Amino acid sequence: QVTLVESGGGSVQAGGSLRLSCVASGNVLRGYCIGWFRQRPGSEREGLASILRGAGTTLYVDSVKGRFTVSQDIAKKTVYLQMNSLKPDDTAMYYCAKKYSPDCRPDRPTTFDGWGQGTQVTVSS
């Protein structure tokens, strides 16, 4: 039984940075994939980035590659999403979720589970 809790959101000016945290509890196995997603009101959930816990492999969708970076702290059972050069279009609720699979592509949010409460990111013009 693994649960995830997101934190670190807030309000920033365009061009600013935020670091989101996804803290896991429970038995997090090496084969887990942790993904980052966001959802704007009235829109479907969008995959952004992911990390395969055991190998440390990271994946990004094109819209965030070069601006967002996923990392992890194994001891703290925490996955981070460092977001730089933020744009107003990045405004959304951000979530992390998991799957137990070597297929860690973040562009299939329906294959993930364990969704947390989300953390709001607001980027002002």
Side-chain angles (χ1 to χ4, degrees):
Q1 192 83 12
V2 176
T3 59
L4 305 173
V5 178
E6 306 93 339
S7 64
S11 298
V12 297
Q13 296 288 103
S17 299
L18 285 172
R19 188 178 72 167
L20 307 183
S21 298
C22 175
V23 181
S25 61
N27 187 19
V28 184
L29 302 176
R30 298 286 288 179
Y32 269 107
C33 168
I34 306 296
W36 282 101
F37 310 84
R38 67 186 178 192
Q39 188 168 21
R40 303 180 179 91
S43 299
E44 295 183 352
R45 198 159 292 177
E46 175 189 9
L48 303 174
S50 59
I51 184 167
L52 187 61
R53 176 178 166 83
T57 305
T58 57
L59 297 167
Y60 304 89
V61 300
D62 289 342
S63 61
V64 304
K65 192 172 185 178
R67 297 192 299 126
F68 293 8
T69 303
V70 179
S71 62
Q72 66 177 339
D73 186 324
I74 297 295
K76 295 181 178 180
K77 295 184 179 181
T78 301
V79 174
Y80 303 99
L81 182 66
Q82 178 68 44
M83 306 187 296
N84 299 326
S85 301
L86 285 164
K87 308 172 182 178
D89 284 348
D90 293 320
T91 296
M93 186 73 74
Y94 283 71
Y95 300 89
C96 60
K98 64 175 178 62
K99 66 163 65 175
Y100 185 61
S101 172
D103 182 359
C104 198
R105 290 173 291 177
D107 58 348
R108 298 179 179 180
T110 57
T111 66
F112 289 76
D113 59 25
W115 302 93
Q117 297 298 308
T119 185
Q120 179 68 39
V121 171
T122 302
V123 184
S124 302
S125 300

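Note that the coordinates shown come from a computational prediction; the quantities given were computed from them, not determined experimentally.
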Peer 1: Nearest 0.5 Å please: distance from the OG1 atom of Thr78 over to the CG atom of Leu20.
Peer 2: 12.5 Å
Peer 1: What residues, two or more places apart in sequence or in another chain, satisfy side chain to side chain donor-acceptor pair (under 3.5 Å) together with Asp113?
Peer 2: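 Side chain to side chain donor-acceptor pair (under 3.5 Å) list for Asp113, sorted by chain: Lys98.
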Peer 1: Testing the basics here: between Pro106 and Phe37, what is the closest heavy-atom pair and its distance to 0.1 Å?
Peer 2: O-CE2, 3.3 Å
Peer 1: Mind listing the closest non-hydrogen atom pair of Gln13 and Ser124 along with its distance?
Peer 2: OE1-CB, 3.4 Å
Peer 1: Among all residues two or more places apart in sequence or in another chain, which pass the side-chain contact (heavy atoms from CB on, under 4.5 Å) test with Pro88?
Peer 2: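 Only Ala14, Val123, Ser125 meet the side-chain contact (heavy atoms from CB on, under 4.5 Å) criterion with Pro88.
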Peer 1: So do the side chains of Val28 and Tyr100 get within less than 4.5 Å of each other, counting heavy atoms only?
Peer 2: no
Peer 1: Rounded to the nearest 0.5 Å, how far does CZ of Phe68 lie from OG1 of Thr58?
Peer 2: 14.0 Å
Peer 1: Report yes if the side chains of Thr110 and Arg45 come closer than 4.5 Å at any heavy-atom pair, otherwise no.
Peer 2: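 Not in contact.
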Peer 1: Locate the shortest heavy-atom distance separating Ala49 from Val70; write the atom from each residue and the value.
Peer 2: CB-CG2, 3.3 Å
Peer 1: Got Arg38 and Val121 here, is their nearest side-chain heavy-atom distance under 4.5 Å?
Peer 2: no
Peer 1: Would you say the side chain of Cys22 lies within less than 4.5 Å of the side chain of Ile34, judging by non-hydrogen atoms?
Peer 2: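 Yes, their side chains come closer than 4.5 Å.
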Peer 1: By the definition side chain to side chain contact (heavy atoms under 4.5 Å, CB included), identify the one residue from Thr69, Asp90, Leu18 that meets it with Met83.
Peer 2: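 Result: among Thr69, Asp90, Leu18, Leu18 is the only option passing the side chain to side chain contact (heavy atoms under 4.5 Å, CB included) with Met83.
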Peer 1: I need the minimum non-hydrogen distance between Gln117 and Glu6, along with the two atoms involved.
Peer 2: N-OE1, 3.1 Å
Peer 1: Partners of Ser17 by side chain to side chain donor-acceptor pair (under 3.5 Å), sequence neighbours excluded?
Peer 2: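 Partners of Ser17 under the side chain to side chain donor-acceptor pair (under 3.5 Å) test: Asn84.
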Peer 1: Between Trp36 and Met93, is there a shared hydrophobic cluster once you connect ILVMFWY residues whose side-chain heavy atoms come closer than 4.5 Å?
Peer 2: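 Not linked; separate clusters.
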Peer 1: So Cys33 and Ser101, do their side chains get closer than 4.5 Å, heavy atoms only?
Peer 2: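 The answer is no; the side chains never approach within 4.5 Å.
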Peer 1: Determine, step by step, whether Tyr32 and Ile51 satisfy the side chain to side chain contact (heavy atoms under 4.5 Å, CB included) criterion, reporting the C-alpha distance in whole Å, the side-chain angles of both residues, the deciding distance to 0.1 Å, and the verdict.
Peer 2: CA-CA 9 Å; Tyr32 269 107; Ile51 184 167; over 6 Å; no
Peer 1: May I ask you to test the Phe112-Leu4 pair for a side-chain heavy-atom distance under 4.5 Å?
Peer 2: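 No - every pair of side-chain heavy atoms lies 4.5 Å or more apart.
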Peer 1: Say whether Leu52 and Val2 are linked into one hydrophobic cluster, either directly or through other cluster members, by side-chain heavy-atom distances under 4.5 angstrom.
Peer 2: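 Different clusters: Leu52 never reaches Val2 through Ile, Leu, Val, Met, Phe, Trp or Tyr contacts under 4.5 Å.
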Peer 1: So, for Lys76 and Val23, which heavy atoms are closest and what is the spacing to 0.1 Å?
Peer 2: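 Where Lys76 meets Val23 most closely, the heavy atoms are O-CG1, 4.4 Å.
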Peer 1: Does any non-hydrogen side-chain atom of Leu59 lie less than 4.5 Å from one of Arg105?
Peer 2: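 Yes, close enough: below the 4.5 Å cut-off.
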Peer 1: Output yes when a side-chain donor or acceptor of Ser50 lies under 3.5 Å from a complementary backbone atom of Cys104, and no otherwise.
Peer 2: yes
Peer 1: Identify the heavy atoms of Arg67 and Ser85 that sit nearest to each other, and give their distance.
Peer 2: NH1-O, 3.0 Å
Peer 1: Are any non-hydrogen side-chain atoms of Leu48 and Tyr94 less than 4.5 angstrom apart?
Peer 2: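 Yes, close enough: below the 4.5 Å cut-off.
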Peer 1: Does the ring of Tyr80 carry Arg19 above it, NZ/CZ under 6.0 angstrom from centre and within 45° of its axis?
Peer 2: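 Yes, Arg19 sits over the ring of Tyr80.
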Peer 1: Look only at the side chain of Gln72 and the backbone of Arg53, and say whether a donor-acceptor pair between them is shorter than 3.5 Å.
Peer 2: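 Flag set: sc Gln72 to bb Arg53 pair under 3.5 Å.
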Peer 1: Say whether Val79 and Val64 are linked into one hydrophobic cluster, either directly or through other cluster members, by side-chain heavy-atom distances under 4.5 angstrom.
Peer 2: yes
Peer 1: Would you say that more than 12 heavy atoms from the other residues, nucleotides or ligands in this model lie under 6.0 Å from the CG of Asp62, or not?
Peer 2: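 Atom CG in Asp62 is not crowded, with 12 or fewer foreign heavy atoms closer than 6.0 Å.
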